[in-house]
Amino acid sequence: MRFLFKTDYEDDIRLFPHSGYIVSYGVLLAVLLIAPYVLSSYLMSQLVFVCIYATVGVALMILTGFTGQASLGHAAFLAIGAYTAAYLQKYNVPFPVYFLAAGALTGLIGALVGFPALRLQGIYLVIATISFALIVEEILARWESVTNGNEGMRVKTLSLLGVAVPRDSPTFYFLCLAVLVLTIVGTLNLLRSPTGRAFVAIRDSETAARSMGVNVALYKVKSFAISAAITGFAGVLFAHKLSFISPEMFTLQLSIEFIIVILIGGSFSLHGAVLGAIFIVMIDPFLTYLKDDMPGIIAGIAATFGAGAATAGNIQSKVAAFASLNGLKGAIYGIIIVLFVLFEPLGLYGRWLKIKLFFQLFPLYKRATFKRQKIYVKSERNR
């Protein structure tokens with residue numbers, strides 16, 4: 001294990017704490033760059049969705065994880081970015097222009113949402129963002145002259161510098177990967193800046209942040225705007241990947257999926273956004289496997305242990321019926337949320353930190369190392 005001794009301020013804000021990070025990230029990037037040439041088209045499609053979901057996860061982490069502002073409306077920001085791209089495509093606007101326009105428009109709307117949210121906290125802020133998401137969904141369904149209503153909009157193949165980039169091509173994957181990498185690096189630099197430190201100060205204590213001269217209202221609006229803008233960029237890629245968008249694709253369940261991304265990965269780590277995205281993207285393949293393959297496997301196991309053909313067939317039909325239930329995906333999401341909230345609030349990345357710290361401090365590791373100390377000054381009780 002390598003122990004770091006920080007001796008000045010530059011050590012504290014260094015992008016890579018030591019050379020080992022450069023090597024490990026370099027190897028990871030090399031693996032991701034060669035992935036299109038060794039993996040199947042299906043796995044590449046899943047990797048594209050991981051990049052898009054991880055980008056939204058990073059955006060939501062800026063708002064929720066680092067500023068402490070809850071949101072269940074990021075599906076609406078994703079929809080605004082997607083529809084902006086689809087609408088501007090009709091006028092032959094080039095990709096770089098409508099990509100930036102989608103981010104700018106979504107960021108502006110995010111700032112506007114941030115203003116009324118200044119007076120809200122906790123569950124009331126969550127209700128406000130849900131209301132915003134429902135309003136956007138209704139606008140997309142009713143504003144038929146722009147969005148085609150419930151009929152949806154066809155998204156043309158992306159054209160970059162005059163060259164068509166199909167949604168299943170390695171070039172499109174590299175584009176999504178580049179957006180994710182730039183988003184992560186940009187967010188890391190943001191968190192090292194005075195703005196990022198103000199975000200964290202607001203999350204930890206608004207009272208303390210105000211006492212240090214932080215304009216809480218301004219930075220909350222900034223956080224909403226930045227988070228929404230990044231989500232708008234992801235919305236453009238999302239629209240091109242699906243090639244068709246409609247209002248029912250941007251529901252509250254999608255916002256919950258984004259919350260699960262940072263809940264599973266860990267709400268205080270950018271690594272966690274990627275881990276959470278991988279986890280959530282694999283839910284659909286798991287459900288497909290559960291519905292198509294698992295009934296036969298369980299019936300085969302039952303037959304191995306002496307079950308008759310009729311009994312095995314009955315078991316197979318019951319398992320298939322269970323796997324095809326309409327609410328199964330939502331139930332799985334609910335179970336995941338409950339389990340992580342109860343047993344691992346810091347997410348997968350938090351679990352990795354505990355494992356790493358265990359080996360660093362062994363045999364002196366204490367189980368209560370990560371336990372939150374419930375000690376507050378009187379002024380903090382009304383935070």
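What you are looking at is a predicted structure, and each value in this text was computed from that prediction instead of being measured.
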Check: F99 ring centroid to F95 ring centroid under 6.0 Å: yes
Shared hydrophobic cluster for I34 and V23 (ILVMFWY, side-chain gaps under 4.5 Å): no
No-hydrogen, no-angle side-chain donor-acceptor test under 3.5 Å, S246 and E248: yes
L78 and F258, any side-chain heavy atoms less than 4.5 Å apart: yes
F286 CZ: over 12 foreign heavy atoms closer than 6.0 Å: no
Same cluster (ILVMFWY, side-chain, under 4.5 Å), F66 and L218: no
Centroid separation F77 to F132 less than 6.0 Å: yes
Within-4.5 Å side-chain heavy-atom neighbours: V58 and I184: yes
Side-chain touch H240/F172, heavy atoms, less than 4.5 angstrom: yes
I80 and its side chain to side chain contact (heavy atoms under 4.5 Å, CB included) partner, picked from L108, I109, I139: I109
Validation row: I315, K318 side chains within 4.5 angstrom (heavy atoms): no
Other residues, nucleotides, ligands: >12 heavy atoms within 6.0 Å of E151 CD: no
Residues K241 and S45: side-chain donor-acceptor under 3.5 angstrom: yes
Candidate pair L33 and L177, rule side chain to side chain contact (heavy atoms under 4.5 Å, CB included), full reasoning: CA-CA 9 Å; L33 290 176; L177 179 62; 4.3 Å; yes
Worked verdict on I260 versus I337 for side chain to side chain contact (heavy atoms under 4.5 Å, CB included): CA-CA 7 Å; I260 294 176; I337 291 174; 3.9 Å; yes
T129 side chain to H74 side chain, donor-acceptor N/O pair below 3.5 angstrom: no
L161 atom CG, over 12 foreign heavy atoms within 6.0 Å: no
Flag side-chain contact, heavy atom, 4.5 Å: E257 against V261: no
Validation row: T67, Y219 side chains within 4.5 angstrom (heavy atoms): no
Parallel, tilted or perpendicular: rings of F174 and Y37 (30°, 60°): tilted
Chi angles and distances behind the side chain to side chain contact (heavy atoms under 4.5 Å, CB included) call for V126, S71: CA-CA 5 Å; V126 172; S71 173; over 6 Å; no
Within 6.0 angstrom of F115 CZ, more than 12 heavy atoms from elsewhere: no
Charged N-O contact under 4.0 Å between K220 and E206: yes
4.5 Å side-chain heavy-atom contact, T183 and F233: no
Residue pair I230 / I62, side-chain heavy-atom distance below 4.5 Å: yes
